[in-house]
Amino acid sequence: MTLDSTDLFGAVLDRRIVPVLVPMPALKAYSYGVPDGLAVEPGSIVQVPLGPRLVVGVVWDGDDDGTVDPKKLKRIEKVFDCPPLNRDMRAFLDWVAAYTVTPPGLVARMALRAPTAFDPEPMVEALRLTDRRPERMTAARERVIAAASDGLAWTRSGLAHAAGASSSVIDGLAAQGVFETVFMPPPPVVAAPDPDFAAPRLEGPQKEAAADLLTTIEEGKFSVSLIDGVTGSGKTEVYFEAIAATLRAGKQVLILLPEIALTASFLERFQDRFGAKPAEWHSDLAPRMREKVWRQVTTGRVRVVAGARSALFLPFEELGLIIVDEEHDPAYKQEDRVFYNARDMAVVRGRISGFPVVLVSATPSLESRVNGEVGRYRPIHLPTRFGDAALPHLGVVDMRRHPPERGGFLSPVLVNQIGKAVGRGEQALLFLNRRGYAPLTLCRVCGHRFQCPDCSSWLVEHRFRGQIQCHHCGYSERTPEACPECGTLDHLVACGPGVERIAEEVERHFPEARTIVLSSDLMGVKRLRLELEAIARGEADIVIGTQLVAKGHNFPLMTLVGIVDADLGLANGDPRAAERTFQLLSQVTGRAGRTGLKSLGLLQTYQPQHPVMQAIISGDSDAFYEREIHERERAALPPFGRLASIIVSADTRHDAEGHARGLRNAAPRVDGISILGPAEAPLALIRGRHRFRLLVHGRRNSDMQSFVKAMIAAGPKERGSINVQLDIDPQSFL
DNA sequence: AGCACGCCGACT
DNA sequence: GTCGGCGTGCTC
C-alpha cells in the first residue's frame with residue numbers, strides 16, 4: 001500500500017471501488033479498491049486479501065454502494081490472466097444463488113474449483129529441426145532426424161518415442177545445434193471431436209426421433225426436450241446427433257451423467273462416434289488434469305465435456321447444448337453447502353444463455369413427465385428396442401405361493417431358472433439393494449439388537465470382513481461372538497438378507513458355478529471395472545449385486561435377471577418410494593436381453609398386484625405415472641386450504657423425513673402454513689398451485705427460532721417468497 | 001467457509 | 001500450572 005493512494009490513516013483512496021464475490025457465505029459482494037493501472041471488469045478473476053489470508057474472488061456487477069467504512073477497504077492484489085466469467089455465467093450464478101438461498105460467493109466458488117488454473121498453462125518446451133547436421137551420423141541419430149523432418153516441433157519424449165531412440169540421443173543432437181528450442185502451447189487434454197467421424201444410419205423410430213430433436217436443436221434457441229425410451233432403444237445415438245449438430249454450429253457441448261454412469265464404456269462409445277473422447281469432469285479427477293480441463297474449457301479448446309453435476313458450473317466459453325442423461329437420477333442432487341439439482345439448473349443455464357437442453361431417461365422423473373404433459377418440455381418417445389434385441393420377458397414370482405425354503409430367500413421358481421440359464425452357458429444376475437450379510441443382528445437369548453452407538457440405526461453384519469457396520473455414519477467394529485447385553489456365546493442370529501447371504505445361498509444350490517458379489521464396499525472403482533469387464537467376457541456364471549449393477553454396463557450373456565426383493569424400498573415412508581423403485585427395477589431388468597437370446601426377468605414379491613410390479617411386467621408405465629402424479633398432488637394439498645407452503649430442501653430419507661415430521665408437528669402453531677415434503681413440492685410448483693415457496697435453511701438454532709417467530713408474526717403474505725433453508729433439527733423450533 | 005478468540009475440563 | 005475441546009464472531 002503506497003502513500004499516494006491511501007490517506008494518513010491508511011484508508012484506500014483509489015478512484016475505483018468494485019464489488020468482489022469472495023468464497024465465503026457473505027450476503028453480498030465485498031468492496032475492494034482497484035489500484036491504478038489494474039484492468040478489471042465484471043467477471044474478472046482476482047486475488048484479494050480476506051481477513052488473514054489471500055483468496056480467489058470474482059469481480060461482480062454493479063457499483064459500490066458506499067456503505068462500507070473506507071478505512072476497512074482493502075485492494076485487489078492481482079488480476080489473473082484468464083478469460084473473465086461472461087455475462088451469462090454471472091447471471092446464472094446469481095440466479096442459482098437466489099433460487100437455492102445460498103450466499104452468492106459460495107455459488108461462484110463452484111465455478112472456480114481449479115486451484116491454480118487461473119493463470120495460463122505454461123508453454124511447453126519443444127524441439128524443431130534446423131539446417132545443421134551432426135558431425136558423426138549414427139543409426140539412432142538418423143532415425144531421430146527422419147522422424148523430425150516433417151518440420152513440426154516435437155517434445156523431447158514424443159520424438160524419442162517416435163524415433164525409437166533414447167532422449168539422450170536427442171540431447172546430443174540439440175547440443176550440436178541440430179535442434180532449436182521453441183515454445184508451443186500445451187497439448188489439448190482431448191482431441192477435437194469430429195461431428196462427421198462415424199455418423200450412423202439411423203432407421204425407423206430412432207431416425208424419426210433424431211429428426212424431431214434436430215429441428216429444435218438447429219434453431220439454436222432455448223428449449224427443453226425430454227427423450228424417453230426403454231433401455232436399448234438407442235437414446236444415446238439420438239442425442240449424439242444433437243451433439244454433432246451443435247459441434248457443426250461451432251458451439252461447446254456439456255453431457256451431464258450421474259457420477260457412477262461416467263464409465264470408460266460411455267467414453268468409448270462417444271469416441272466411436274466422434275473419433276475422440278470428451279473431456280471428463282468429476283470429483284476424483286487428478287488435480288493437474290482438473291486444472292487443464294478447466295483452463296481449456298474456458299478458452300474453448302475443449303469442445304465437449306462429459307461430467308458429473310459439478311461440471312454444470314464450468315465457465316464454458318460458448319456453451320450451446322446440455323444433455324442430462326439419466327435425468328431422473330437422484331445423484332443430480334447436491335445436498336451439502338449449495339443445495340441444487342443439476343438437472344433443473346441445467347435447464348436454467350439453457351434459458352439464460354438461449355440454447356437447447358435435452359433431458360434423457362428410460363424412466364423420467366414425475367416432475368419431468370408433468371413438465372412434458374403441460375407443454376413446458378418437448379417429449380420425444382423411443383418406443384422400442386432397435387435391431388434384434390428383444391425386451392426380456394418379465395414376470396413376478398408371488399412369494400406367498402412359492403416361498404423359499406427355510407432360512408433361504410430365493411424361491412424355487414427363481415432357483416430353477418438360475419439353473420437353466422447357467423446350464424445353457426449363459427449368465428444370471430441377482431439384484432438385491434442391500435450390502436453386507438444381514439441388515440439386523442440380534443441375540444436369540446435376550447433379544448438384544450445391535451445398534452450404532454452414534455446414530456442408533458441397525459448395525460449391518462459384513463461376514464466377508466468379519467465386521468458389523470453402520471451404513472449411516474460409517475461406524476464399525478469386529479463382529480462379536482458374545483452378546484454384549486447378556487454375555488451368551490454363539491447365540492447371535494442374522495435377520496434378513498444382504499448380498500453376501502444371497503451368495504451363500506447360491507453357492508449352496510450351485511456349488512460348481514462361478515459366483516461373484518458386486519458391492520461398492522467390496523472393491524474400489526478400479527477393481528470394480530476389471531470385474532465388470534471380466535463378467536462381460538463371460539468369466540462368471542452368477543452375479544449378485546447391489547445398485548451398482550443397475551448402471552451403464554452391458555452384459556451380452558446375461559439372460560436372467562432375478563430381483564431378490566422387489567418390495568424392498570416400497571414401505572419406507574418416502575413419498576417417492578414407488579417412483580424410485582420403479583426406476584431402479586426398470587434399470588436392473590433392462591440389463592437383460594440385448595443379444596437376441598431369449599431372456600427373462602423375475603421379480604420376487606409379496607405384492608404381485610402392486611402398481612410398481614404391474615408397470616414393470618406389463619411394460620406400460622403410463623398408468624403408473626398417472627397414478628403416482630395424482631397421489632403426489634393429493635398429498636401436496638395444503639391442510640388449511642391456504643396457499644403458503646414450506647418446502648424442506650434436504651431430502652435424504654433420514655434428513656427429510658425427520659425434518660418434515662418436525663415441521664408437521666410444528667404446523668399447528670404456524671397457522672396457515674402447510675408443509676410439503678421435498679418430493680411433492682416440485683409438482684405443486686410446476687402446476688402453480690402454491691404461491692409461496694418457503695425454503696427453511698439455517699446454520700444455527702437461533703436462526704431457526706427467529707425465523708419461525710418472524711413467520712408466525714408475519715402470517716401468510718400476499719405474494720413473493722421467503723427463502724430460508726433448514727438443516728438442523730426442526731424439533732427445536734418452538 | 002476458514003480462522004481467531006475465549007472460556008471451562010483433564011493432563012504432562 | 002498448561003493443552004485443547006468447540007461456541008461465537010468476523011472477514012470489504
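Note that the structure is a prediction, hence the values are computed from the model and not measured. Letters go in sequence order (proteins before strands), and every chain restarts at 1.
- Taking atom OH of residue A:Tyr32 and atom P of nucleotide C:dT11, one finds them 11 Å apart after rounding to whole Å.
- Here the nucleotide nearest the side chain of A:Arg109, chosen from B:dG2, C:dC12, B:dC3, is B:dG2.
- Within 4.0 Å of A:Pro49, counting heavy atoms only, lie sugar-phosphate atoms of the nucleic acid but no base atom.
- The side chain of A:Leu50 approaches C:dC12 more closely than any other nucleotide in the set B:dC3, C:dC12, B:dA1.
- Test A:His328, A:Arg343, A:Gln583 against A:Ser365 for side chain to side chain donor-acceptor pair (under 3.5 Å) and you get one pass: A:Arg343.
- One finds no salt bridge joining A:Arg580 and A:Asp329 here, because no Lys/Arg side-chain nitrogen approaches an Asp/Glu carboxylate oxygen to under 4.0 Å.
- Between B:dA1, B:dC3, C:dT11, one nucleotide has an atom nearer to the side chain of A:Tyr30 than all others, and that is C:dT11.
- One interatomic measurement links the two molecules: CZ of A:Arg53 to P of C:dT11, which rounds to 13 Å at whole-angstrom precision.
- One atom, CG of A:Leu106, and another, C1' of C:dT11, lie 13 Å apart when rounded to the nearest Å.
- The distance from atom NZ of A:Lys74 to atom P of C:dC10 is 15 Å, rounded to the nearest whole Å.
- Regarding A:Arg113, its CZ atom lies at a distance of 11 Å from the P atom of B:dA1, rounded to whole Å.
- The side chain of A:Leu73 has C:dC12 as its nearest neighbour among B:dA1, B:dC3, C:dC12.
- Remark: A:Glu318 engages A:Arg303 in a salt bridge (Lys or Arg N to Asp or Glu O under 4.0 Å) (not counting sequence neighbours).
- Applying the ring pair (Phe, Tyr, Trp, His ring centres under 6.0 Å) rule to A:His282 yields no partners; only residues at least two apart in sequence or on another chain are considered.
- Atom CZ of A:Arg75 is separated from atom P of C:dT11 by 20 Å (rounded to the nearest Å).
- Look at NZ on A:Lys28: it is 13 Å from C1' on C:dT11, rounded to the nearest Å.
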